[in-house]
Amino acid sequence: MTAHVPRTDLPDPLPTGPAIPRGRLVLVRHGETEWSRTGQHTGRTDLPLLPEGEEAAVKLSDTLAGMTFVHVRSSPLQRARRTAELAGLVVDELDPDLMEWDYGGYEGLTTIDIRQQLGYHWTVFEHGVIPGETPGETVEEVSARGSRVLERIWPMLFDGDVCLVAHGHSLRILAAVYLRQAARFAAYLTFEVGSVAVLGHHHETPVIEGWNRRH
């Protein structure tokens, strides 16, 4: 009888333990403001919602119907806080790391305005911003803020769904970090005002379960 010889070419065993959270990460972009309507870059300027933005925020309660959150976190800017309130969300914490990209010297300008000033086909993801009344941020700095938010809420996802209420660019970049992509991948993700995105996992892989959802 031939002796059994253990194989040595097998892959490493699968890791044990709860590495994959059961909860989903739900992202909510605030409703429309005057500057989001006109396409002006709105970073730290604390604008209120338009009446149409408030109406869309109320309708978000239908989009979020049936979801129960173990934690809700919001940007401290009023357009995000008011959206959460009108959507029927109770915010557990205001997080400055969820604030919108600091556009520096491009605050309040449209992409067309900036391209006319510069004379070339500027995009915020490729060319960044300049200092103004605020210092401005690089895409990597916004990504670092998103990483800090994800680090804080990650343990909560093992208990259930978590909701973040914030802004278009900051949430797009945070989603890229969650999906283990480079920050500039966010350029390929549009996120409409007054809409919802849902991030989860397929086995060990982070995935988009829904994007730009509206009721």
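Positions are given from 1 along the sequence.
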Novice: Could you give the distance from CG (L157) to CG (L25), rounded to the nearest 0.5 Å?
Specialist: 6.0 Å
Novice: Check whether any side-chain heavy atom of V129 lies under 4.5 Å from a side-chain heavy atom of V124, and answer yes or no.
Specialist: yes
Novice: Stepwise, does the side chain to side chain contact (heavy atoms under 4.5 Å, CB included) test hold for F69 with M156?
Specialist: CA-CA 10 Å; F69 300 111; M156 304 174 193; over 6 Å; no
Novice: Please check if V207 and F185 belong to a single hydrophobic cluster, counting links between Ile, Leu, Val, Met, Phe, Trp and Tyr side chain heavy atoms closer than 4.5 Å.
Specialist: no
Novice: Taking all atoms of both residues into account, what is the closest heavy-atom pair of R79 and L47, and its distance?
Specialist: CB-O, 3.5 Å
Novice: For H41 and T111, work out which heavy atoms get closest and say how close.
Specialist: CE1-OG1, 3.5 Å
Novice: Does E85 pair with R82 as a salt bridge, N-O distance under 4.0 Å?
Specialist: yes
Novice: What are the two closest non-hydrogen atoms of I173 and S143, and how far apart are they?
Specialist: CG2-CA, 3.6 Å
Novice: Take R152 and E93 through the salt bridge (charged side-chain N to carboxylate O under 4.0 Å, His left out) test and state the conclusion after the steps.
Specialist: CA-CA 11 Å; R152 293 181 194 118; E93 187 168 344; 6.0 Å; no
Novice: Does I153 belong to the same Ile/Leu/Val/Met/Phe/Trp/Tyr cluster as V91, with side-chain heavy atoms less than 4.5 Å apart forming each link?
Specialist: no
Novice: Do H201 and P21 touch side chain to side chain, with heavy atoms closer than 4.5 Å?
Specialist: yes
Novice: Do the side chain of W35 and the main chain of T110 share a donor and acceptor less than 3.5 angstrom apart?
Specialist: no
Novice: Is E137 reaching over with its side chain to a backbone N or O of D102, donor-acceptor style, under 3.5 angstrom?
Specialist: yes
Novice: Going from CG on L77 to NE2 on H167, what distance comes out if it is rounded to the nearest 0.5 angstrom?
Specialist: 4.5 Å
Novice: Salt bridge or not for R37 and E52, using N-O below 4.0 Å?
Specialist: yes
Novice: Return yes if a side-chain donor-acceptor contact under 3.5 Å exists between E107 and T45, otherwise no.
Specialist: yes
Novice: Let me know which of D97, D92, D95 forms a side-chain hydrogen bond (donor to acceptor under 3.5 Å, both in side chains) with R73.
Specialist: D95
Novice: Y120 and H127: side-chain donor and acceptor closer than 3.5 Å?
Specialist: no
Novice: Could you state the interatomic distance from CG (L189) to CH2 (W211), rounded to the nearest 0.5 Å?
Specialist: 4.5 Å
Novice: Looking only at non-hydrogen atoms, find the nearest pair between L89 and C163 and report the distance.
Specialist: CD1-SG, 3.9 Å
Novice: As a quick check of understanding, evaluate side chain to side chain contact (heavy atoms under 4.5 Å, CB included) for V139 and R184, giving each step before the final call.
Specialist: CA-CA 7 Å; V139 65; R184 285 177 174 78; 3.3 Å; yes
Novice: I need the minimum non-hydrogen distance between G108 and Q40, along with the two atoms involved.
Specialist: O-NE2, 2.9 Å
Novice: Test S36 against R29 for side chain to side chain contact (heavy atoms under 4.5 Å, CB included), laying out the working first.
Specialist: CA-CA 12 Å; S36 66; R29 185 183 175 190; 4.3 Å; yes
Novice: For side chain to side chain contact (heavy atoms under 4.5 Å, CB included), just list the numbers for V162 and V26, CA-CA rounded to whole Å, side-chain angles, deciding distance to a tenth of an Å, and then say yes or no.
Specialist: CA-CA 6 Å; V162 172; V26 178; over 6 Å; no
Novice: Judged by atom type as modelled, is there a donor-acceptor pair below 3.5 Å linking the side chain of R44 to the main-chain atoms of E100?
Specialist: yes
Novice: With a 4.0 Å cut-off on N to O distance, would you call E192 and R213 a salt bridge?
Specialist: no
Novice: Linking I/L/V/M/F/W/Y whenever any side-chain heavy atoms sit under 4.5 Å apart, do F191 and V177 land together?
Specialist: yes
Novice: Taking atom CH2 of W101 and atom OG1 of T138, what is their separation to the nearest 0.5 Å?
Specialist: 8.0 Å
Novice: Among the clusters formed by ILVMFWY side chains lying less than 4.5 Å apart, do V28 and L86 turn up in the same one?
Specialist: no
Novice: Is it true that a side-chain atom of R22 and a backbone atom of D159 form a donor plus acceptor pair closer than 3.5 Å?
Specialist: yes
Novice: Among the clusters formed by ILVMFWY side chains lying less than 4.5 Å apart, do Y106 and V142 turn up in the same one?
Specialist: yes
Novice: Report the distance from atom CG of L49 to atom CD of Q78, rounding to the nearest 0.5 Å.
Specialist: 7.5 Å
Novice: Tell me, do L98 and L174 make a side-chain contact under 4.5 Å, heavy atoms counted?
Specialist: yes
Novice: Answer with yes or no after comparing the ring centroid distance for F125 and H169 against a 6.0 Å cut-off, counting only values under it.
Specialist: yes
Novice: Do M99 and R145 touch side chain to side chain, with heavy atoms closer than 4.5 Å?
Specialist: yes
Novice: Going from CG on L27 to OG on S195, what distance comes out if it is rounded to the nearest 0.5 angstrom?
Specialist: 9.5 Å
Novice: Please name the pair of heavy atoms, one in M67 and one in V198, separated by the smallest distance, quoted to 0.1 Å.
Specialist: CE-CG2, 4.2 Å
Novice: Looking at E55 and K59, is any side-chain nitrogen of the basic one under 4.0 Å from a carboxylate oxygen of the acidic one?
Specialist: yes
